6 protein chains.
Amino acid sequence: MRILLVNGNTSDEVTQTLARAACDAASPDTEIVPVTGTFGVRLIENRAEAAIAEHAVLELIAEHAEAVDGVLIGVSIDTALRAARGMVDIPVVGMTEAAMLTACMLGGRFGLITFSASSTAPYRELVESYGLMDRLAGMRTIDVSFVEAFEGRDAITAPILASANALIDEDGVETLVLVGAAGAGLAAQLQSRVAVPLLDGITCGVLLVEALIKLGAPPPTRGSYAAPAGNQVTGLSETLTKRLKEYGE
Amino acid sequence: MRILLVNGNTSDEVTQTLARAACDAASPDTEIVPVTGTFGVRLIENRAEAAIAEHAVLELIAEHAEAVDGVLIGVSIDTALRAARGMVDIPVVGMTEAAMLTACMLGGRFGLITFSASSTAPYRELVESYGLMDRLAGMRTIDVSFVEAFEGRDAITAPILASANALIDEDGVETLVLVGAAGAGLAAQLQSRVAVPLLDGITCGVLLVEALIKLGAPPPTRGSYAAPAGNQVTGLSETLTKRLKEYGE
Amino acid sequence: MRILLVNGNTSDEVTQTLARAACDAASPDTEIVPVTGTFGVRLIENRAEAAIAEHAVLELIAEHAEAVDGVLIGVSIDTALRAARGMVDIPVVGMTEAAMLTACMLGGRFGLITFSASSTAPYRELVESYGLMDRLAGMRTIDVSFVEAFEGRDAITAPILASANALIDEDGVETLVLVGAAGAGLAAQLQSRVAVPLLDGITCGVLLVEALIKLGAPPPTRGSYAAPAGNQVTGLSETLTKRLKEYGE
Amino acid sequence: MRILLVNGNTSDEVTQTLARAACDAASPDTEIVPVTGTFGVRLIENRAEAAIAEHAVLELIAEHAEAVDGVLIGVSIDTALRAARGMVDIPVVGMTEAAMLTACMLGGRFGLITFSASSTAPYRELVESYGLMDRLAGMRTIDVSFVEAFEGRDAITAPILASANALIDEDGVETLVLVGAAGAGLAAQLQSRVAVPLLDGITCGVLLVEALIKLGAPPPTRGSYAAPAGNQVTGLSETLTKRLKEYGE
Amino acid sequence: MRILLVNGNTSDEVTQTLARAACDAASPDTEIVPVTGTFGVRLIENRAEAAIAEHAVLELIAEHAEAVDGVLIGVSIDTALRAARGMVDIPVVGMTEAAMLTACMLGGRFGLITFSASSTAPYRELVESYGLMDRLAGMRTIDVSFVEAFEGRDAITAPILASANALIDEDGVETLVLVGAAGAGLAAQLQSRVAVPLLDGITCGVLLVEALIKLGAPPPTRGSYAAPAGNQVTGLSETLTKRLKEYGE
Amino acid sequence: MRILLVNGNTSDEVTQTLARAACDAASPDTEIVPVTGTFGVRLIENRAEAAIAEHAVLELIAEHAEAVDGVLIGVSIDTALRAARGMVDIPVVGMTEAAMLTACMLGGRFGLITFSASSTAPYRELVESYGLMDRLAGMRTIDVSFVEAFEGRDAITAPILASANALIDEDGVETLVLVGAAGAGLAAQLQSRVAVPLLDGITCGVLLVEALIKLGAPPPTRGSYAAPAGNQVTGLSETLTKRLKEYGE
């Protein structure tokens with residue numbers, strides 16, 4: 001099976017890191033198809049940039065969906081997850097959603113380790129939007145920018161471990177999610193030094209997309225994720241225009 | 001004072017309807033500046049179209065923010081509300097948010113009357129995202145498309161009144177919000193036939209943006225709505241690029 | 001327009017402080033009509049005193065409602081807010097409710113800075129009763145009595161700023177409400193030293209009552225805020241007796 | 001032991017009905033001391049009347065507390081419950097609180113049968129204020145006024161049974177509370193015709209006040225229920241003035 | 001009346017301690033019938049041991065229910081509470097449930113003091129399962145095993161008092177529950193050194209079972225606690241087999 | 001890989017049905033190892049029987065865990081799920097948990113179709129215990145016993161489809177879970193007649209256990225799922241005794 005790995009940022013090196021982690025997690029017969037945003041910012045750091053990336057992610061999915069069996073959104077805020085589910089007929093999973101649902105199956109309440117102090121509120125809103133606040137035991141944020149977190153993995157090892165221990169000792173978390181591109185690969189490296197399972201979104205995401213592809217649930221024909229009637233479209237890419245125009249045909 | 005009224009759809013006739021309702025609600029010395037989306041769909045009907053409109057709304061605000069004192073987002077799903085608040089230093093209010101907060105001040109739990117069955121889930125998610133589920137007593141959806149609701153106001157009067165009565169009788173709502181562009185103006189016309197206050201987002205939105213402009217709260221310098229450091233930008237409009245690049249300068 | 005500013009305490013100097021802040025916030029054509037409780041305690045400090053003030057507030061509103069266009073309850077626990085809404089046909093807003101709803105429109109979760117350690121639980125119950133717990137990020141209490149807080153503004157500046165910073169750093173609040181009469185006027189003075197918007201209830205309350213008066217929503221004829229049938233009344237003031245007896249006539 | 005039974009209404013016949021039910025429930029060595037409000041309305045029907053009764057209930061408790069071992073508030077909305085707990089050193093229980101907590105001990109989620117359509121929202125707010133919404137499975141309101149419910153018990157038997165069955169069939173309630181003075185005594189009469197336990201607040205309240213008196217927990221010296229410092233008092237009864245003035249002495 | 005006191009552990013000395021506390025709390029005419037688990041572990045320390053004890057508790061109740069008027073489950077995690085309620089026609093109360101509901105009647109939010117760090121999550125799940133999270137202000141765990149807590153009461157006095165003060169100062173609890181067998185008797189001894197009511201489950205449990213026996217609510221004939229049709233049973237004790245086989249006969 | 005499929009009932013024909021569905025869902029290289037309860041009831045119908053099955057399920061897992069790589073609990077109420085996770089070092093998933101988490105990944109809120117009216121409350125409690133109430137849009141129960149549901153699949157097809165449509169039309173569910181052994185296999189057969197994805201727990205459970213086995217998260221060494229110190233054991237099977245005694249060695 002083929003899984004589209006969507007990086008909504010414009011940065012190829014992030015895509016490559018995500019792709020490596022995805023390939024490590026994938027089954028032998030799974031092919032990872034990594035793609036990078038063509039407009040927007042290099043690394044999403046705030047609410048406005050994330051909103052613009054919603055559009056960029058949909059463009060990428062519109063362009064590539066026909067050639068794959070499932071989609072993994074490789075942006076830590078799960079950009080455009082619901083919109084994509086309503087646009088294509090194949091499974092779409094968000095990397096942070098995947099890690100949190102996996103944590104649920106390991107038992108107990110989970111903790112999140114995130115980067116960039118200004119991202120705390122948006123991640124909390126993400127957990128709320130999934131209806132998972134009752135499972136969230138705590139969050140710790142390491143206050144380096146996403147760029148620093150991504151580029152300086154050695155420098156963030158110590159604060160990650162300190163955050164992990166604080167979440168276990170003070171908040172009683174029973175599993176941990178290392179959020180974001182910085183976590184891809186790093187979680188596995190640090191697992192032996194953490195007392196509870198340490199999850200990253202790309203690994204969990206690949207496994208869950210594979211499971212959903214095997215499940216083969218049909219797309220809904222009712223509700224907010226069903227394909228609606230087509231619409232008049234202005235100023236979008238050819239493939240995205242085609243998708244929005246031809247809904248329901 | 002000047003209020004930017006942002007229609008994230010590409011349809012000028014919707015903008016004009018919204019603008020008329022906004023002018024009716026505004027103080028004599030308030031000028032309404034209506035603008036229309038330049039890309040996307042004619043009338044947002046689903047999740048993908050709403051996600052694309054996030055980008056379109058930010059483009060409009062980036063282009064016009066310097067010439068106004070506050071922004072009212074005139075899309076019923078309050079498209080890009082949080083993103084816009086993080087991007088500009090003036091008050092930004094969403095039309096449906098405004099109606100729901102006004103309902104809170106009138107007392108008790110409110111009800112929503114919406115259009116298009118496929119929009120029920122997204123509106124519920126909107127209420128959840130505002131932390132207002134405890135104030136929502138019920139929702140009724142009139143299953144005509146947004147286009148039909150907007151264009152056929154006479155045809156929807158009877159179902160609106162039926163929904164209003166059902167919400168009062170069965171769900172115990174104490175105020176009502178008539179959601180969307182179709183509600184602009186219509187709420188006032190139907191008020192005399194409804195036993196509880198019937199609110200529309202544009203009227204409430206104009207009044208609350210005016211209040212926030214008078215309040216004059218400074219933009220935060222901390223948190224998820226503070227201006228972050230600038231970023232590398234690709235493929236966006238000149239004004240939007242300028243805003244994202246120059247953050248924090 | 002004329003706004004009744006109700007102080008449920010028996011202390012005239014508090015009324016005067018509230019009135020000054022209200023006049024500063026009001027539009028040029030708005031007249032503030034301040035009134036003071038005629039029975040009860042000098043400054044409400046506990047649950048029993050607050051319960052008695054419910055009666056005192058209703059007496060004041062019954063006496064003055066006909067001469068004004070809206071009511072602002074100038075007691076930090078929003079004493080008798082719901083009862084007043086059910087008793088008169090004009091808008092009634094509570095000062096703390098107003099600040100919290102304004103905070104909602106500025107974005108993110110808010111924090112409360114309160115006075116008197118024994119008031120923490122009642123304020124939390126107030127937020128719960130408004131269905132706004134999901135928007136409350138934290139509360140800090142400065143343990144001086146309300147009298148000390150009101151009379152010794154200089155002495156409380158440092159602990160207010162310390163609380164503000166703790167709420168921003170540790171709880172991630174994105175706006176702050178300085179609760180109570182002590183906050184009236186003080187919020188504006190301290191704003192420049194706080195990294196997020198710092199709101200006070202009187203300023204927000206005046207702006208929102210003005211907005212509701214402009215809105216002109218009719219009183220409900222159904223539900224718990226509708227005027228019920230009259231009742232047999234014993235031992236109340238003449239105006240309050242008249243109101244309760246004549247309900248629904 | 002002696003239990004003060006407080007009727008916050010001014011109606012003696014209601015007091016007598018409540019007292020009869022209380023005596024039926026009480027242990028042989030328990031004396032019920034029934035008292036009636038001296039000001040306010042005959043039967044509380046709305047929010048304003050309930051707010052005034054807060055004061056009336058506190059007057060009664062201030063007058064009689066020294067001669068009893070515990071207090072049962074015999075008003076269905078549990079008027080002044082928290083305020084009374086903060087004012088006296090003996091146990092205070094509300095009749096509807098008592099029935100709901102008893103329902104919790106019988107297992108599963110409970111349902112409420114109430115009177116007067118305009119009371120639905122206030123009762124819901126009461127359940128919320130106790131943090132018991134997760135245990136509330138449903139509410140049905142019989143739309144007769146409290147006066148009619150109290151005076152016309154035969155006429156309300158059929159609608160009570162219909163409501164009970166609807167709550168069991170449609171909402172899955174596993175216990176039922178017949179709210180208010182009308183329920184006192186009536187619950188026992190109708191129990192044999194209802195498939196789940198049917199509770200009334202006076203019976204449950206007497207049993208739980210007795211249990212708390214036996215428990216003998218000391219009054220707190222910290223928190224919102226601890227006796228605060230005394231206050232300057234104006235215009236209240238002698239005994240109530242004494243209590244508020246002498247707090248903490 | 002006779003109350004069955006069920007210890008789901010296999011340790012007789014725990015049973016004796018619980019029984020002493022129960023006799024101290026009981027009315028003169030109440031007889032406490034203490035029983036001890038016949039299989040499982042000496043002191044339940046984890047989730048698996050608690051699950052096995054569900055079976056052991058049901059065996060004990062099946063064996064003794066006919067000779068008593070009510071049941072108090074004397075295991076701090078309220079083992080098999082719901083199952084027992086569905087199996088017998090007499091009142092069944094859990095010791096920790098009883099303490100928490102009693103705390104509700106004393107007012108405000110409560111705190112829990114527990115033993116064994118690994119029990120924090122299960123106790124939190126217990127509170128959630130009762131729908132009482134809104135009433136829980138905080139939890140502190142003293143990290144000694146249940147055996148150590150039970151056998152070394154002197155050694156745990158200081159940490160209990162420290163936890164109590166932390167819960168009052170930092171979390172604003174207004175009542176405290178000392179959870180588990182270690183708390184039986186100890187709460188009364190330490191009460192004079194704690195600023196808010198300090199409850200233990202056995203004392204509260206005995207008082208509430210007595211109240212429910214006096215109430216005499218009939219067993220439900222509908223819902224999840226009603227006796228279902230009998231079932232085919234394999235490999236259980238004679239009395240338990242009889243009960244499950246004869247359901248509904 | 002080898003997956004233990006645990007039927008906590010004593011009925012072999014149920015085990016065989018579950019096993020067939022599990023084999024259909026499993027990857028070619030996955031072996032399903034089905035086992036049946038050795039004591040308890042034929043088909044769990046109530047709370048007491050479910051509590052006893054907790055013990056039976058743990059016996060089966062203790063006996064077979066060493067020979068498999070993961071466990072799927074094939075009882076619709078996910079009997080002993082948390083207890084098993086704390087007892088063994090391999091992944092353990094519950095069939096209904098699996099279906100609900102899969103529904104989360106398909107988007108929107110889900111609905112449950114269950115059997116036996118008396119099971120409605122326990123299933124609701126299950127969803128609450130997973131912290132997933134915000135994702136539950138509705139539940140419909142077909143009032144036949146589990147035996148009838150299991151044995152008479154043809155007879156339940158029409159009510160299942162009616163329930164499915166009601167959940168979609170009235171409650172706005174976007175995915176559906178057909179709960180229980182009756183659903184195994186049946187969901188796939190009925191999918192083409194239902195407008196949204198129709199999930200069954202065995203299919204989802206096998207796919208998610210496979211994913212967790214591939215993930216290879218280590219067992220926690222801290223928290224409520226970590227292996228505790230050993231305990232004194234009485235009257236349990238040899239393998240279960242060994243496990244509880246040797247914890248932590």
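As the structure is a computational prediction, the values presented were derived from the model and not from experiment. Protein chains get the first letters and strands the later ones, always in sequence-line order, with residue 1 at the start of each. No hydrogens, no waters, no symmetry mates; every other heavy atom, side chains included, goes into these values.
Most heavy-atom pairs under 4.5 Å with chain F: of the set A:A211, A:A188, A:G107, A:C204, this distinction falls to A:G107. Heavy-atom pairs under 4.5 Å with chain A were tallied for F:L106, F:L132, F:L81; the largest tally goes to F:L106. Ranked by heavy-atom pairs under 4.5 Å with chain F, the first of A:S27, A:A195, A:G223 is A:A195. Ranked by non-hydrogen atom pairs under 4.5 Å with chain F, the options A:V209, A:D169, A:V173 are led by A:D169. If you tally non-hydrogen atom pairs under 4.5 Å between each of F:V93, F:L101, F:L198 and chain A, the highest count goes to F:L101. Note on A:V206, A:I168, A:T102: by heavy-atom pairs under 4.5 Å with chain F, the leading option is A:I168.
Contacts of A:S224 with chain F are made by both backbone and side-chain atoms, with heavy-atom separations under 4.5 Å. Looking at A:V92, the atoms closer than 4.5 Å to chain F (heavy atoms on both sides) all sit in the backbone: N, CA, C or O. Using a 4.5 Å cut-off between heavy atoms, A:T175 makes no contact with chain F at all. With a threshold of 4.5 angstrom between heavy atoms, A:R135 approaches chain F through side-chain atoms but not through N, CA, C or O. At a 4.5 Å heavy-atom cutoff, the contact between A:P218 and chain F is made by backbone and side-chain atoms alike.
Among A:V196, A:L176, A:V194, the single residue meeting the side-chain contact (heavy atoms from CB on, under 4.5 Å) criterion with F:P220 is A:V196.
Between the side chain of F:R85 and the main chain of A:M105, a donor-acceptor pair closer than 3.5 Å is present.
Within 6.0 Å of CZ in F:R193 there are 12 or fewer heavy atoms belonging to other residues, nucleotides or ligands. More than 12 heavy atoms of other residues, nucleotides or ligands shown are found within 6.0 angstrom of CD on A:E170.
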**Asked** Could you walk me through whether A:L208 and F:L208 pass the side chain to side chain contact (heavy atoms under 4.5 Å, CB included) check?
**Response** CA-CA 8 Å; A:L208 293 181; F:L208 292 182; 3.6 Å; yes
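Comment: A:E210 engages F:K214 in a salt bridge, judged by a side-chain N to carboxylate O separation of less than 4.0 angstrom.
For the pair A:L212 and F:L207, the minimum side-chain heavy-atom distance is 4.5 Å or more.
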